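As structure tokens, the structure follows; a few thoughts come after it.
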Amino acid sequence: DLQKQNDKNVDVQSWLGFLYLRANRAADAVPLLEQAAASRPKDLEILTNLGNAYTATKDFDKALAEYKTISGLNPKMYEPYYNTGNIYLQQKEYSKAQASYLKASELKPDDAFVKNNLGVTFEGLKDDHSAAMNFGKASELRPDNKTFAKNAAYAYLRLKRPTDALVYLERANKLDPSDSAVTLSLGETYARMSRRKDALRSYEGLKDQLGDGASFWFNLGVLRSQAGDTPGAEAAYRKSLEISPNDLDSLNNLGLLVFKKGDFKEAALLFDKLSGLNPESKTAKIDLAAAAARSGDLPKAIATWKELVKTMPGRNDLREQLADSLYQTGDLEGASYHYNQVLLIDPKSAEALNGKGLCLLSNSKLTQAEESFRSSMAVNPRFVPAYNNLAVTLERLNKRPAAIAILEKASKIDPANEEVKANLVRMKAAG
């Protein structure tokens, strides 16, 4: 009604244009503000509102022209430079936006929004260091603004400066504890800084928000494991595998956990699945062989070790485990071959010399067995299995006093060795 009665009144045009602009009706504001500006071409308030209306309607060329006029009329007014920067920023013309924000910052050095937007331009120009500095300044000027804190945090994370990032992550988290992205980044940063308890606390608080993701449960499992909560870690890895049954990392870590607690059968199943999903992983096969052997599945262990030694012939530890398993199954020829292969690479392997001796002993080649066991002891004077096996060999050679003397030496090295104890008692009782 006021406009109808005073449609030529500049104050009415200006006021109604401003109200339309505030009501998000920029298209209705434009003609009114244009009329007002035509009547008052030097009215900075009208020109600013018109420039803002052009910006809202995405008529950027006209908006830029208005802001340029304003800065010409009042070079000390920071708003036209800031608004010009905002337009260039929308257009991703980062260099032009930066120049405008720098001028705005000169005129109003303590404006947090200018600093933040200036940070965005540096970010767009791939200058993360300057971006972080400006985002940080914005957050210090307005510590109550979560966006400024987040921008600073993520810029410092890109620079691999977790200590600097942590200040802003903690600030953003305090401002909005429900922001799961911030909480997750906070937990990851704590973990990177070896603040494991803090990291675990952050992750535990995200279960309701991120609990449908396998990677969340895997990371939680890692943190629980690092904190010594083995049952909690196991539960987390199992939860990860419920969501993503073929998650390689969860299969591996759960396998290692159940292996350590002595559930070798399940460990073998997990490592078998893992090696099937990731056939290039030698580590998975090594773990599979070890778990299979401990669970009593020697054929599976032997087959896996044979595959491994073909691709890694220099791994004496694997070949020795293969030879040990072959010996346990009674394949003396196969065991002897692999013990000898180890000795070709490492003639001073106490374990391989002892294994070779066992094969000779089983074949009743007592003198050669004695020589092999003594060589093992010479290489490692504290390797008790060689002492025990030498004693058995000497007994079979009718040298029981010498055998008893060897066992007495072994019992001093390892007083808790049950096999040595039993043989010593038995031989002494036999006279």
Side-chain angles (χ1 to χ4, degrees), residues 259 264-265 267-269 271-272 274-276 278-397 399 403 406 410 414 417 419-420 423:
F259 184 94
F264 303 118
K265 188 173 182 179
L269 290 172
F271 290 132
D272 194 19
L274 179 60
S275 61
N278 189 14
E280 301 302 315
S281 173
K282 292 181 174 60
T283 300
K285 288 185 173 66
I286 291 170
D287 292 336
L288 168 59
R294 297 290 291 274
S295 70
D297 189 355
L298 289 178
K300 182 72 172 179
I302 289 169
T304 307
W305 272 317
K306 283 183 176 179
E307 181 184 346
L308 286 166
V309 297
K310 285 180 181 177
T311 58
M312 294 186 288
R315 284 288 300 269
N316 274 354
D317 57 329
L318 301 178
R319 196 178 287 276
E320 282 177 4
Q321 292 175 81
L322 169 58
D324 290 343
S325 293
L326 289 168
Y327 174 78
Q328 291 177 57
T329 62
D331 184 357
L332 300 180
E333 183 178 354
S336 294
Y337 170 79
H338 287 289
Y339 285 132
N340 284 323
Q341 289 298 114
V342 171
L343 292 169
L344 286 174
I345 298 173
D346 182 11
K348 293 186 176 182
S349 169
E351 292 80 2
L353 286 165
N354 179 68
K356 179 181 177 180
L358 285 171
C359 292
L360 291 166
L361 179 61
S362 297
N363 283 320
S364 297
K365 296 180 180 180
L366 303 181
T367 303
Q368 291 170 277
E370 178 185 354
E371 181 183 349
S372 193
F373 292 135
R374 289 192 184 279
S375 295
S376 177
M377 291 161 55
V379 168
N380 183 358
R382 300 190 63 80
F383 188 59
V384 170
Y387 284 80
N388 184 72
N389 294 332
L390 174 60
V392 172
T393 304
L394 291 172
E395 182 184 31
R396 288 180 61 180
L397 286 168
K399 299 178 180 179
I406 290 294
D414 184 6
N417 190 297
E419 192 172 3
V420 169
N423 280 333

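These values consider heavy atoms only, across backbone and side chains, with no hydrogens, waters or symmetry-generated copies. Keep in mind that what you see is a predicted model, and the values were worked out from it rather than measured.
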Checklist entry - Any idea which heavy atoms bring Ala403 and Ala391 closest together, and the distance? => result CB-O, 3.2 Å
Checklist entry - With a 4.5 Å limit on heavy-atom distance, are the side chains of Glu371 and Leu360 in contact? => result no
Checklist entry - So, for Glu320 and Ser349, which heavy atoms are closest and what is the spacing to 0.1 Å? => result OE2-OG, 2.7 Å
Checklist entry - Does the side-chain contact (heavy atoms from CB on, under 4.5 Å) test come out yes or no for Ile406 and Met377, once each step is laid out? => result CA-CA 11 Å; Ile406 290 294; Met377 291 161 55; 4.3 Å; yes
Next on the checklist: Main chain of Ser375, side chain of Lys348: is a donor-acceptor contact present, judged purely on distance under 3.5 Å?
Outcome noted: no
Checklist entry - Does any non-hydrogen side-chain atom of Gln341 lie less than 4.5 Å from one of Val309? => result no
Checklist entry - Tell me, do Lys300 and Leu288 make a side-chain contact under 4.5 Å, heavy atoms counted? => result yes
Item to check | Minimal non-hydrogen separation, Ala292 against Ser295, with atom names | outcome: O-OG, 2.9 Å
Next on the checklist: Donor-acceptor pair, distance only, cut-off 3.5 Å: does the side chain of Ser281 make one with the backbone of Ser275?
Outcome noted: no
Checklist outcome for this item: dist His338:NE2 -> Gln321:CD (nearest 0.5 Å) comes out at 13.0 Å
Next on the checklist: Nearest 0.5 Å, please: how far is CG in Asp287 from OG1 in Thr304?
Outcome noted: 11.0 Å
Item to check | N/O donor-acceptor pair under 3.5 Å between Ser336 side chain and Glu333 backbone | outcome: no
Next on the checklist: Testing the basics here: between Leu361 and Leu366, what is the closest heavy-atom pair and its distance to 0.1 Å?
Outcome noted: CD1-CD2, 3.5 Å
Checklist outcome for this item: To the nearest 0.5 Å, atom SG of Cys359 lies from atom OH of Tyr337 at 14.0 Å
Item to check | 4.5 Å side-chain heavy-atom contact, Gln368 and Asn363 | outcome: no
Next on the checklist: Between Asn417 and Asn388, is there a side-chain donor-acceptor contact under 3.5 Å, judged purely by atom types and distance?
Outcome noted: no
Checklist entry - If you round to the nearest 0.5 Å, how far is CG of Leu326 from CH2 of Trp305? => result 9.5 Å
Next on the checklist: So Phe271 and Leu274, do their side chains get closer than 4.5 Å, heavy atoms only?
Outcome noted: yes
Checklist outcome for this item: So CG of Asp317 and CG of Asp346: to nearest 0.5 Å the spacing works out to 11.5 Å
Checklist outcome for this item: For Tyr339 and Lys356, the nearest pair of non-hydrogen atoms, with its separation, is CD1-N, 3.6 Å
Next on the checklist: On a heavy-atom basis, which atom in Ala335 and which in Tyr327 lie closest, and how many Å separate them?
Outcome noted: CB-N, 3.7 Å
Item to check | Flag side-chain contact, heavy atom, 4.5 Å: Leu308 against Arg315 | outcome: no
Checklist entry - Phe373 versus Leu358: any side-chain heavy-atom pair under 4.5 Å? => result yes
Checklist entry - Is the closest side-chain heavy-atom distance between Glu370 and Lys399 below 4.5 Å? => result yes
Checklist entry - Roughly how far, to the nearest 0.5 Å, is CG of Asn389 from CZ of Phe383? => result 8.0 Å
